[in-house]
Each structure stands twice: as C-alpha cells, then as structure tokens.
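Throughout, numbering of the chain's residues begins at 1 and tracks the sequence.
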Amino acid sequence: MKKSYRVKREKDFQAIFGGGKSTANRKFVIHFLEKKQDHFRVGISVSKRLGNAVTRNAIKRKIRHILMEFKDYLKEDDFVVVARRGVEELDYQALRQNLKHVLKLAKLLEEGFESEKEN
C-alpha cells in the first residue's frame with residue numbers, strides 16, 4: 001500500500017478518533033472522518049492483546065491486502081480499522097467477510113462492489 005493511502009501521524013489519528021464517527025461488528029471497529037480528497041487514507045490498529053509482533057503484523061498485512069482489493073470501491077474518507085479480539089483466529093476469507101461487513105455498515109464501501117466482483 002502506497003504511503004499516500006496511509007494515516008501515520010498521531011495528529012491525524014486523533015482527528016479521526018475525536019471528530020469522526022464509528023461503526024463496529026464483532027471483529028472490527030471503524031472510526032472514520034468524512035473528508036473529500038483524491039483517495040481514501042487508512043490507519044490500522046492491532047492491540048498487543050491479539051498476539052506477538054509476528055501475529056499482529058500478519059493481521060495488518062491481511063487487512064492491507066483486503067483494503068487494496070476494495071480500493072476502487074472505497075469512499076475518499078480517512079478511516080482507522082481497529083482489530084478486536086478473535087481476529088487472529090480467522091482465516092483470510094472470514095477476515096475479508098467481516099471487514100467487508102463493517103465497511104458496509106460504515107457506508108464506506110460503495111454500492112457497485114457486489115455486482116462487479118460476481119461477474
């Protein structure tokens with residue numbers, strides 16, 4: 001994922017957490033801030049409670065990969081994906097389904113996504 005797609009600075013994280021909205025399901029929480037720009041920017045947060053560094057980095061890699069699959073259908077907002085306990089036990093497809101579900105709940109995933117992928 002290119003640097004321009006990432007939220008990295010503490011100030012940006014605080015703006016999203018403080019001024020944005022949030023949506024959650026059992027495996028993820030999404031904090032988002034509506035912001036019109038050229039493309040989305042995402043931050044990923046995985047707690048130390050989910051495992052050691054190897055496990056946490058594997059979770060973050062999978063989340064980044066899934067988000068790049070959805071790249072053309074994500075709205076141009078800033079958001080932070082927070083992984084909840086239990087994510088470390090999911091396989092790739094279950095992780096993808098849960099992330100897609102919470103993105104739809106947050107209305108960050110545009111409508112044309114389903115019909116495009118099925119064809």
Side-chain angles (χ1 to χ4, degrees):
M1 183 179 292
K2 293 180 184 177
K3 282 188 180 183
S4 63
Y5 285 94
R6 297 186 201 163
V7 173
K8 293 293 273 186
R9 295 187 349 215
E10 181 66 22
K11 184 176 122 182
D12 294 336
F13 274 94
Q14 292 307 321
I16 295 168
F17 287 129
K21 301 173 187 170
S22 66
T23 302
N25 65 7
R26 289 177 185 250
K27 301 299 179 188
F28 293 103
V29 178
I30 299 235
H31 297 271
F32 57 96
L33 183 62
E34 293 179 9
K35 195 173 185 181
K36 293 302 170 196
Q37 52 201 6
D38 293 338
H39 53 76
F40 70 92
R41 292 188 326 143
V42 63
I44 300 172
S45 174
V46 180
S47 170
K48 286 186 177 182
R49 285 187 237 150
L50 297 182
N52 62 16
V54 174
T55 304
R56 293 192 312 269
N57 287 329
I59 292 167
K60 287 188 272 188
R61 276 194 310 273
K62 288 176 187 175
I63 292 171
R64 276 195 298 270
H65 188 266
I66 292 166
L67 289 171
M68 291 316 290
E69 279 184 45
F70 298 160
K71 177 173 87 170
D72 297 333
Y73 302 98
L74 287 168
K75 293 190 177 173
E76 295 86 14
D77 297 334
D78 286 352
F79 59 97
V80 177
V81 177
V82 181
R84 287 183 160 178
R85 194 173 294 244
V87 167
E88 70 277 8
E89 298 164 1
L90 298 177
D91 65 342
Y92 183 81
Q93 288 303 320
L95 196 69
R96 186 177 186 277
Q97 280 300 115
N98 278 288
L99 191 54
K100 182 171 76 170
H101 176 255
V102 77
L103 286 168
K104 281 184 178 180
L105 287 176
K107 295 184 174 83
L108 291 173
L109 201 56
E110 293 176 359
E111 294 301 315
F113 177 72
E114 288 301 320
S115 59
E116 183 73 23
K117 285 295 180 182
E118 290 174 0
N119 291 336

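- Considering all non-hydrogen atoms of both residues, Val46 and Ala83 come closest at CG2-CB, 4.1 Å.
- Looking at heavy atoms from C-beta onward, Arg96 lies in side-chain contact with Glu69 at the 4.5 angstrom threshold.
- Side chain of Lys75 to backbone of Lys107: a donor-acceptor contact under 3.5 angstrom is found.
- In summary, Glu34 and Lys21 engage in a salt bridge, as defined by a charged side-chain N under 4.0 Å from a carboxylate O.
- Here the closest non-hydrogen pair linking Leu50 and Arg85 is CD2-CA, 3.3 Å.
- Between Asp77 and Arg41, no side-chain nitrogen of the basic residue sits less than 4.0 Å from a carboxylate oxygen of the acidic one, so the salt-bridge criterion is not met.
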Handout entry: Phe79/Leu108 under side chain to side chain contact (heavy atoms under 4.5 Å, CB included): CA gap, chis, key distance, verdict
Key = CA-CA 9 Å; Phe79 59 97; Leu108 291 173; 3.9 Å; yes
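- Under the 4.5 Å side-chain criterion, counting only non-hydrogen atoms from C-beta, Val7 is in contact with Phe13.
- When the options Leu99, Val102, Leu95, Asn98 are evaluated for a side chain to side chain contact (heavy atoms under 4.5 Å, CB included) with Lys27, the one that passes is Asn98.
- Between the side chains of Glu10 and Gln14, a donor-acceptor pair is found at a separation under 3.5 Å.
- Rounded to the nearest 0.5 angstrom, Tyr73 OH and Glu110 CD are separated by 9.5 Å.
- The side-chain heavy atoms of Phe32 and Val80, taken from C-beta on, include no pair separated by under 4.5 Å.
- For Phe28 and His101, the distance between ring centers is not under 6.0 angstrom.
- Side-chain contact between Leu103 and Leu67 is present, with heavy atoms from C-beta onward closer than 4.5 Å.
- The closest side-chain heavy-atom distance from Phe70 to Leu109 is below 4.5 Å.
- When atom types are taken as modelled, the side chain of Arg84 and the backbone of Asn25 share a donor-acceptor pair closer than 3.5 angstrom.
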